[in-house]
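Just so you know, these numbers come straight off a predicted model, no measurement behind them.
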Amino acid sequence: MKKKISLFLAAAMMLTLFAGCTPSAETTPTPTPGANPTQPAAQKDVDLVFFTGKVETVDLLDEIIAAYNAQSNGITVEQEYQNDASNIIKIKFASGEAPAVMTTYEQEYVNQGKYLDLSDWNEIWDRLIPSMRENCTDVNSGKQYRICTNMTMAGFWYNKEIFDELGLKPANTWEEFVANLEALKAAKPDVDPWFIFGNEAWHLGHLIEFIPHGYIKAKYGATEAKVAMLNNDKSILNFGDPNGAMATFAAGLLELQDKGLLNADVLTATSDNCVDAFVSGKAAMFSNGMWCLSGILEKDPSMADKIGFMPYPSMMADGTPMVLVAEDSGYSISAETPYSAEAKDFLEYLFQAENQKKYAESLGSPSAFTDVDADWAPAAVVEGVNSAIESAANIGYTNEKPAGFSGDDAGRMVQDLLAGKYTAEEFAIAYEKAWDAGFPS
């Protein structure tokens, strides 16, 4: 009997030893993304937040995220959309609650080391168009802290039927642009010549990026303009000059508002209002990027042959027409997350060719991946966009703006301008002060 008890105890001790050597779900090393799929991944219990301000992609990404969660072995991704994302992210960084994955990207946070260095993620970079990796490269360090999945263009979308009916052609100068708007107003008083959805601050912030900032980028070139913005080089930026690009931009908007060439509800109109007005023929033109196409064509597929695309006209005498040609849908990982491998696993799933094909076609934006073949827009639209790109200076986003002064902040200043708070000269001075104050002291 004693012998049986001894054997039982010995067996129990051996089982305990083996159990102690078996890794638990919490201690199992995270498998490398893209590892051999025949090796079963350990069960995890990890919650990741994906933070975005891109309203156009929320529904599709919810669908992709649900599919990812269903096969992820315990990694659960939850999408958080914020309309004011560029300001909300400030609070999250300051409170130590940065999301694991985010689409918001600011140069100041690059400088503060808030983003994970993605420079060595070669299996992804090798799939991208080389110029898109260049666009994602930080000027200061030469490293990449975000990966874009798409390219985008922005300019003026216009109704070709209305333009052809009135014999109008895309404008190169501000004077030609105003003349077109006046001709539209005279011939079709019930149509808004230029529809601005000023309720959404990001849209007005984009106007600053594409027109007065665009003038600087086109005049000095992408790299020199980026360096000037990083260093706040006033000899180049010249934001507060009463004769500079910022004051000229403000004066131009006020001129159009005074002449009734903008929609009367400019301060309350939303992007949905803009799409409705455009497809119903109540708006002749509006500013936006490729991301608006899907909404227009969903409302009225017959618009495919009616949509024209043209550059932003030059507002300055020594300027040139401009088109945004830039990286789009950029993704960064927080440098502070303990789940960087899991975040990469999610992004690797999102970046799969079949998901990116759906994404590009849903967004109406060409893919930055060389292995993604997407019908992102009707042929007539693609032809018009390509023509505009070839005829105008190609500019990028203003990613080098100070973190303390976001694009939404700039947009709110334009709201104040249109509400009568500033003259053009006062706006330029206030803008320069806000820009300066956005840099860390």
Nearest non-hydrogen partners of Ala228 and Leu237, listed with the distance: O-CD1, 3.9 Å
Residue pairs fulfilling side-chain hydrogen bond (donor to acceptor under 3.5 Å, both in side chains) with at least one residue in residues 228-251, sequence neighbours excluded: Asn232-Trp435, Asn232-Asp436, Asp233-Ser235, Lys234-Asp436, Asn238-Asp241
All ring-ring contact (aromatic ring centres under 6.0 Å, His included) counterparts of Phe177, not counting sequence neighbours: Phe156, Trp174, Trp194
OG-CG distance between Ser362 and Asp59, expressed to the nearest 0.5 angstrom: 8.5 Å
Step-by-step ring pair (Phe, Tyr, Trp, His ring centres under 6.0 Å) determination, Tyr68 to Phe346: CA-CA 7 Å; Tyr68 172 77; Phe346 163 62; 5.4 Å; yes
Residue pair Arg127 / Gln352: nearest heavy atoms and the distance that separates them: NH2-C, 4.2 Å
Sole candidate of Lys433, Lys90, Lys401 that passes salt bridge (charged side-chain N to carboxylate O under 4.0 Å, His left out) when paired with Asp409: Lys90
Tyr145 and Tyr105 aromatic centres sub-6.0 Å: no
CD (Glu298) with more than 12 external heavy atoms under 6.0 Å: no
Heavy-atom side-chain proximity of Phe427 to Asp416 below 4.5 angstrom: no
Spatial distance of atom OG (Ser72) from atom CD1 (Ile65) [nearest 0.5 Å]: 11.0 Å
Inter- and intrachain pairs under ring-ring contact (aromatic ring centres under 6.0 Å, His included), touching residues 356-395, at least two apart: Phe351-Phe369
Point-to-point distance, once rounded to the nearest 0.5 Å, from NZ of Lys344 to CD1 of Ile124: 9.5 Å
Nearest-0.5 Å distance, CD of residue Gln415 to OG1 of residue Thr268: 10.5 Å
Donor-acceptor contact present, side-chain Asp276 to main-chain Asn273, <3.5 Å: no
Step-by-step side chain to side chain contact (heavy atoms under 4.5 Å, CB included) determination, Leu256 to Leu181: CA-CA 9 Å; Leu256 300 184; Leu181 297 183; 3.9 Å; yes
Check: Ser271 main-chain N/O paired with Glu200 side-chain donor or acceptor under 3.5 Å: yes
Donor-acceptor contact present, side-chain Glu209 to main-chain Thr398, <3.5 Å: yes
Pair up each side-chain donor or acceptor in residues 281-293 with any protein partner under 3.5 Å, not counting sequence neighbours, and list the distances.
unit_1, atom_1, unit_2, atom_2, d
Ser287, OG, Tyr312, OH, 2.7
Asn288, OD1, Trp291, NE1, 2.7

Leu128 side chain reached by Cys148 side chain, heavy atoms, under 4.5 Å: yes
Exam field: side chain Gln356 to backbone Leu350, donor-acceptor pair closer than 3.5 Å: yes
Inter-residue atom distance Leu261.CG - Asp192.CG, 0.5 Å rounding: 10.0 Å
Close side-chain approach of Gln107 to Lys226, heavy-atom, < 4.5 Å: no
Ser340 versus Ile333, closest heavy-atom pair with distance: O-CD1, 4.3 Å
Non-hydrogen side-chain atoms of Met102 and Tyr115 separated by less than 4.5 Å: yes
With Phe197 via ring-ring contact (aromatic ring centres under 6.0 Å, His included) - residues at least two apart: Trp202, His203
Val325 and Met151, any side-chain heavy atoms less than 4.5 Å apart: no
Donor-acceptor contact below 3.5 Å, side chain Asn140 vs main chain Asn111: no
Aromatic ring pairing Tyr158/Phe163, orientation class (parallel under 30°, perpendicular over 60°, tilted between): tilted
Donor-acceptor pair, side chain of Glu176 and main chain of Asn172, under 3.5 angstrom: yes
Which atom of Ala183 lies closest to which atom of Leu168, heavy atoms considered: CB-CD2, 4.0 Å
Close side-chain approach of Glu348 and Glu123, heavy atoms under 4.5 Å: yes
Separation between CG of Leu267 and CG of Leu418, rounded to the nearest 0.5 Å: 5.5 Å
Those residues that, when tested against Ala225, pass side chain to side chain contact (heavy atoms under 4.5 Å, CB included) (two or more places apart): Ile216, Lys217
Side-chain (Glu108) to main-chain (Gly404) donor-acceptor, under 3.5 angstrom: no
Within residues 388-421 or reaching into it, pairs that qualify as ring-ring contact (aromatic ring centres under 6.0 Å, His included) - sequence neighbours excluded: His206-Tyr397, Phe405-Tyr431
For Thr76, all residues meeting side chain to side chain contact (heavy atoms under 4.5 Å, CB included), sequence neighbours excluded: Asp47, Asn69
Salt bridge (charged side-chain N to carboxylate O under 4.0 Å, His left out) partners for Lys357, two or more places apart: Glu361
More than 12 heavy atoms of other groups within 6.0 Å of Gln112 CD: yes
Ile208 side chain near Met246 side chain, heavy-atom distance below 4.5 Å: yes
Asp117 and Ser119 side chains, donor-acceptor separation under 3.5 Å: yes
Greater than 12 external heavy atoms within 6.0 Å of Glu426's CD: yes
Note: Arg412-Asp84 ion pair, threshold 4.0 Å (strictly below): yes
Over all atoms of both residues, closest heavy-atom pair of Phe249 and Met315: CA-CE, 3.6 Å
Atom CG of Asp373 with >12 non-hydrogen neighbours under 6.0 angstrom: no
Any residue meeting side chain to side chain contact (heavy atoms under 4.5 Å, CB included) with Glu383, in chain and number order, not counting sequence neighbours: none
Check: Lys54 main-chain N/O paired with Thr57 side-chain donor or acceptor under 3.5 Å: yes
Would you give me the side-chain donor-acceptor pairs under 3.5 Å for residues 386-393, sequence neighbours excluded?
unit_1, atom_1, unit_2, atom_2, d
Asn386, ND2, Val382, O, 3.3
Ser391, OG, Ser387, O, 3.3
Ser391, OG, Ala388, O, 3.1

Where at least one partner belongs to residues 160-169, residue pairs that pass side-chain hydrogen bond (donor to acceptor under 3.5 Å, both in side chains), sequence neighbours excluded: Glu165-Lys188
Validation row: Met310, Asn180 side chains within 4.5 angstrom (heavy atoms): no
Closest heavy-atom pair and its distance - Met132, Ala368: CG-CB, 3.7 Å
